[in-house]
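Reviewing the structure listed below.
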Amino acid sequence: METPETMKIKFGETLGESLFVLEPKIQRLQHDWQVYRSFFGANKERWDFLHEAGGVATMSIESALWDSVILSLCRLTDVQSSSNHQLATLHQLSPKRVTYSDASLGRSIKKAIKEAVTATEPVREIRRNRVAHANLEVALGQRVVDQVSRAQIEEAVNAISKPLKLIYAGICDTDILDCPPIGSSDSAVKLLNSLYLGTTVDRSTVDRSNYPNWLMFGEWDR
């Protein structure tokens, strides 16, 4: 596991420090979103099964994951306020703060940060009125703010990881931040299988002819 010191040696004082803070936050966002998709966005059968098996507990998990994703998207793209407190956001990677030896890389990162901010705009009203604060009109159902699709969330998650991908590709000539992260969909589908079968088993030993397709890996799990 990288330390602040090793990141500073690899990327320089300012950039290394920012990457050390931002990488785990973005990876956690990717993980939470992938688990949410596998549980509640793959197909109706999975959703029905989880709510039948877990009832109110499943509703709590669904709500907590959704709120976590909304908050993470907004926090990672928040603009610095007028206070003296620095925020851990993608703006810390801006060429205004970090000197990139490759000017074209700096311009690409600046553009990617702007695209990430734009991609998260649809969820900001949700954060303001339902997650961070409880707007009375929204709570009473007089105004609806949860008008955001899975495709929009997916676009925002991908956009937020792009600046870091550009940095690693440009400076280290390597890729980072699997999207979806390795293991997140595996663990979600494994848990679904364990709940359905009543025990932790090797799926390869189960009779395929009687095994429901909605419990297998699919598009949403990749």
Side-chain angles (χ1 to χ4, degrees), residues 1-34 36-37 66-129 131-133 148-184:
M1 182 177 180
E2 297 281 6
T3 65
E5 289 70 28
T6 57
M7 293 295 282
K8 289 176 182 179
I9 292 172
K10 187 182 299 185
F11 295 100
E13 185 82 13
T14 303
L15 180 58
E17 182 180 74
S18 296
L19 288 174
F20 175 78
V21 173
L22 290 171
E23 272 188 46
K25 293 182 181 297
I26 295 175
Q27 289 170 338
R28 175 60 185 269
L29 167 63
Q30 291 178 320
H31 177 271
D32 285 352
W33 176 236
Q34 180 64 9
Y36 180 91
R37 289 198 330 173
W66 178 257
D67 287 355
S68 175
V69 169
I70 295 297
L71 283 172
S72 294
L73 287 170
C74 294
R75 285 171 176 165
L76 284 165
T77 53
D78 276 339
V79 178
Q80 181 67 46
S81 67
S82 57
S83 69
N84 294 325
H85 300 290
Q86 292 292 312
L87 300 179
T89 75
L90 292 183
H91 298 287
Q92 296 294 309
L93 307 176
S94 169
K96 291 183 178 180
R97 185 172 183 271
V98 178
T99 300
Y100 294 96
S101 56
D102 184 345
S104 63
L105 174 61
R107 289 193 295 271
S108 296
I109 292 169
K110 181 180 179 179
K111 179 182 178 183
I113 293 172
K114 183 177 180 180
E115 291 173 348
V117 172
T118 300
T120 57
E121 272 306 312
V123 304
R124 291 190 175 279
E125 188 178 3
I126 300 175
R127 193 266 297 264
R128 285 192 297 267
N129 294 288
V131 181
H133 308 283
V148 61
S149 67
R150 287 197 302 269
Q152 287 174 302
I153 298 292
E154 185 80 5
E155 178 185 357
V157 172
N158 290 337
I160 279 179
S161 68
K162 187 175 179 180
L164 269 70
K165 287 176 176 286
L166 288 171
I167 289 171
Y168 271 87
I171 297 178
C172 300
D173 192 28
T174 187
D175 194 13
I176 193 170
L177 293 174
D178 298 278
C179 192
I182 295 172
S184 58

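Note that this is a predicted model, so its numbers are computed, not measured.
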side-chain hydrogen bond (donor to acceptor under 3.5 Å, both in side chains) partners for Arg97, two or more places apart: Ser18, Gln92
Intermediate values then yes/no, side-chain contact (heavy atoms from CB on, under 4.5 Å), Trp33 and Arg150: CA-CA 10 Å; Trp33 176 236; Arg150 287 197 302 269; 4.0 Å; yes
Thr120 side, atom OG1; Leu90 side, atom CG - distance, nearest 0.5 Å: 9.0 Å
Spacing of CD belonging to Glu17 relative to CE belonging to Met7, to within rounding of 0.5 Å: 11.0 Å
Looking only at heavy atoms, what is the nearest atom pair of [X] and [Y], with distance?
X: Val21; Y: Ala88; result: CG1-CB, 3.6 Å
X: Ala159; Y: Glu115; result: CB-O, 4.4 Å
X: Ile113; Y: Leu93; result: CD1-C, 4.0 Å
X: Tyr100; Y: Gly106; result: CD1-CA, 3.8 Å
X: Ile171; Y: Leu15; result: CD1-CD2, 3.8 Å

Taking [Y]'s backbone N and O only, do any of them form a donor-acceptor pair with [X]'s side chain (distance below 3.5 Å, no angle check)?
X: Thr6; Y: Glu2; value: no
X: Thr77; Y: Leu73; value: yes
X: Gln152; Y: Ser149; value: yes

Residues Asp78, Arg124: salt bridge by 4.0 Å N-O rule: yes
Matching residue for Gln34 among Gln30, Arg37, His31 - test: side chain to side chain donor-acceptor pair (under 3.5 Å): Arg37
NZ (Lys110) with more than 12 external heavy atoms under 6.0 Å: no
Whether Phe11 and Tyr168 hold their rings parallel, tilted or perpendicular, with breakpoints at 30° and 60°: perpendicular
Trace of the side-chain contact (heavy atoms from CB on, under 4.5 Å) decision for Cys172 with Lys10: CA-CA 9 Å; Cys172 300; Lys10 187 182 299 185; 4.0 Å; yes
